[in-house]
Amino acid sequence: MDASLLTILLFASLICILFLSVPIAFGIGIVSLTFGYFMWGPASIFILASQVYAGMQNPSLVSLPFFMFMAAILVRSGIADDLYDAMYLLIGKFRGGLAIGTIFVCAGIGCMSGVSAVGVLTSTKIALPAMLRRNYDEKISLGVIMSGGALGQLFPPSVLAIVYGGLSGVSVGKMFAVGLSTGIALVFCLVTYVFIRCWLNKELCPAAEDDPRQEISLQTRIQVYSRTLPSILIVLAVLGSMLAGIATPTEAAAIGAAASALIALILRAINGKDIFNAAVDAAKQTTMVLWIALNSLLFVSVYSGIGGGDVVNDLIVNLSISPGLVTAAMLVIVFVLGFFIDPIGILFLTMPVFLPVLLALDVNLIWFGALTILVLETAYLTPPFGYNIFFLKAAAPASISLLTIYSATPAFVLIQLLTVAVCFAMPEIVLWITE
């Protein structure tokens with residue numbers, strides 16, 4: 001059978017089975033094994049197994065359970081709560097200050113955890129009641145929590161950066177570096193948006209003119225600010241060890257996991273049972289990622305075996321499409337998939353198809369990876385399956401409906417897409433930190 005027709009049938013089958021609500025990991029595996037069996041017979045099982053075994057030797061994946069464990073410790077210990085208290089004292093009394101502070105705190109939490117759940121859950125528990133109590137606009141309050149939480153997937157130690165680095169062969173350290181530069185750009189855009197909205201409509205995020213914090217003594221303020229030290233130490237343990245050249249990303253992950261548990265124990269914020277439960281949570285999350293990885297490797301093996309890579313490359317060459325247009329089209333595909341598929345699954349599904357084409361067109365893979373992760377951030381906010389939507393709903397007061405949360409997302413998704421467009425048009429915003 002013609003390779004072009006096989007490629008179309010392979011992807012059409014995958015789309016159909018995913019629309020049947022089959023979990024992505026197992027849906028990919030079913031399609032891959034079925035096509036492999038009918039193409040090459042029973043021997044395909046052994047061929048595909050050897051390919052998967054080779055792919056799972058990727059050392060970048062070793063860091064995943066460490067970062068998952070660190071995130072679980074942060075959720076259970078409440079270390080991130082102190083970060084918000086300090087930001088509340090610092091800028092909370094200004095118009096829009098609580099919303100802007102929430103964005104900064106989520107960025108800080110992202111630098112500790114590398115996942116979005118920690119920032120969303122912490123901010124929903126602490127920031128949301130404070131903002132609503134001050135008569136902040138409900139949509140802005142919900143939007144900054146969801147978009148701020150998504151920063152955890154962009155700032156190092158980003159789990160998405162680890163997965164992309166493993167798939168592309170790009171240094172995870174460099175992906176962490178460009179995650180820092182694009183993260184700063186996105187924070188700037190989010191803060192600017194909130195500031196402008198508050199300036200145009202002073203009722204959206206009113207200033208706390210009667211703020212009782214003005215009566216708080218200097219000694220109390222120093223105590224609150226000093227409680228941010230554990231958060232700073234965890235960030236330094238992870239990022240500092242890498243930037244100083246002391247540890248590789250995988251070693252830094254282990255250092256961060258150990259540091260977070262040790263600091264939480266010293267502060268008596270957790271006990272032995274909490275550590276055990278955090279380890280169980282980390283194991284569950286890591287297992288989910290690895291199942292997606294394993295079945296995606298099956299899919300890639302079948303895709304390569306039927307000549308799918310050559311079909312796509314020939315199509316691009318024959319159409320004489322510019323590298324910029326090809327890159328933009330790939331980012332659009334990633335954005336659309338984000339409405340339906342887990343971001344990690346999207347990486348495993350698309351990158352083996354995209355990367356050979358990008359290499360042939362001489363596109364910078366570090367730049368493309370940063371843009372892809374920026375686009376994938378929108379998947380955490382886009383209905384119907386945005387993770388941050390459900391994290392927020394689970395922790396928010398019962399009075400806040402799912403429809404209200406959905407209505408808060410469009411403006412912040414547009415802000416993220418605007419950041420992607422700026423970084424696409426001016427690659428130096430992304431790449432300056434690697435030069």
Side-chain angles (χ1 to χ4, degrees), residues 1-19 24-25 27-36 39 47-48 51-52 54-56 58 60 160-161 163-170 175 289 292-376 379 424:
M1 191 179 292
D2 182 65
S4 300
L5 180 58
L6 281 172
T7 302
I8 293 172
L9 288 174
L10 180 66
F11 281 95
S13 300
L14 178 61
I15 292 170
C16 288
I17 201 166
L18 291 180
F19 271 105
I24 180 172
I28 294 172
I30 291 169
V31 171
S32 305
L33 291 173
T34 302
F35 265 78
M39 287 295 301
I47 297 171
L48 294 175
Q51 293 291 320
V52 170
M56 293 299 286
N58 193 321
S60 298
L160 294 180
V163 173
Y164 178 83
L167 290 170
S168 64
V170 172
M175 289 308 305
V289 172
I292 294 174
L294 185 150
N295 285 287
S296 297
L297 288 169
L298 282 177
F299 186 85
V300 171
S301 299
V302 174
Y303 169 78
S304 301
I306 64 176
D310 295 332
V311 170
V312 175
N313 281 327
D314 292 343
L315 178 65
I316 298 296
V317 171
N318 292 333
L319 291 177
S320 300
I321 302 175
S322 68
L325 191 57
V326 172
T327 303
M330 290 177 176
L331 294 175
V332 170
I333 291 171
V334 170
F335 174 70
V336 173
L337 289 175
F339 283 84
F340 310 104
I341 302 177
D342 171 85
I344 292 176
I346 293 173
L347 283 178
F348 279 110
L349 188 61
T350 58
M351 290 306 110
V353 179
F354 291 170
L355 292 172
V357 177
L358 295 170
L359 285 171
L361 296 174
D362 199 29
V363 174
N364 188 311
L365 295 186
I366 297 175
W367 172 70
F368 178 77
L371 293 179
T372 300
I373 294 172
L374 263 175
V375 173
L376 285 174
F424 183 91

List in chain and number order the residues that pass side-chain contact (heavy atoms from CB on, under 4.5 Å) with Leu359, two or more places apart in sequence or in another chain; answer none if no residue qualifies.
->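 Result, side-chain contact (heavy atoms from CB on, under 4.5 Å) vs Leu359: Leu365.
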Atom pair [atom1]/[atom2] of [X] and [Y] - distance to nearest 0.5 Å:
X      : Y      : atom1 : atom2 : result
Ile366 : Ser168 : CD1   : OG    : 8.5 Å
Leu374 : Leu160 : CG    : CG    : 11.0 Å
Tyr164 : Leu355 : OH    : CG    : 5.5 Å
Thr350 : Leu331 : OG1   : CG    : 10.0 Å
Ile344 : Leu376 : CD1   : CG    : 9.5 Å
Thr372 : Phe335 : OG1   : CZ    : 14.0 Å

Which atom of [X] lies closest to which atom of [Y], heavy atoms considered:
X      : Y      : value
Ser13  : Phe35  : OG-CE1, 3.5 Å
Pro323 : Val363 : CB-CG2, 4.1 Å
Met175 : Ala161 : CB-CB, 3.9 Å

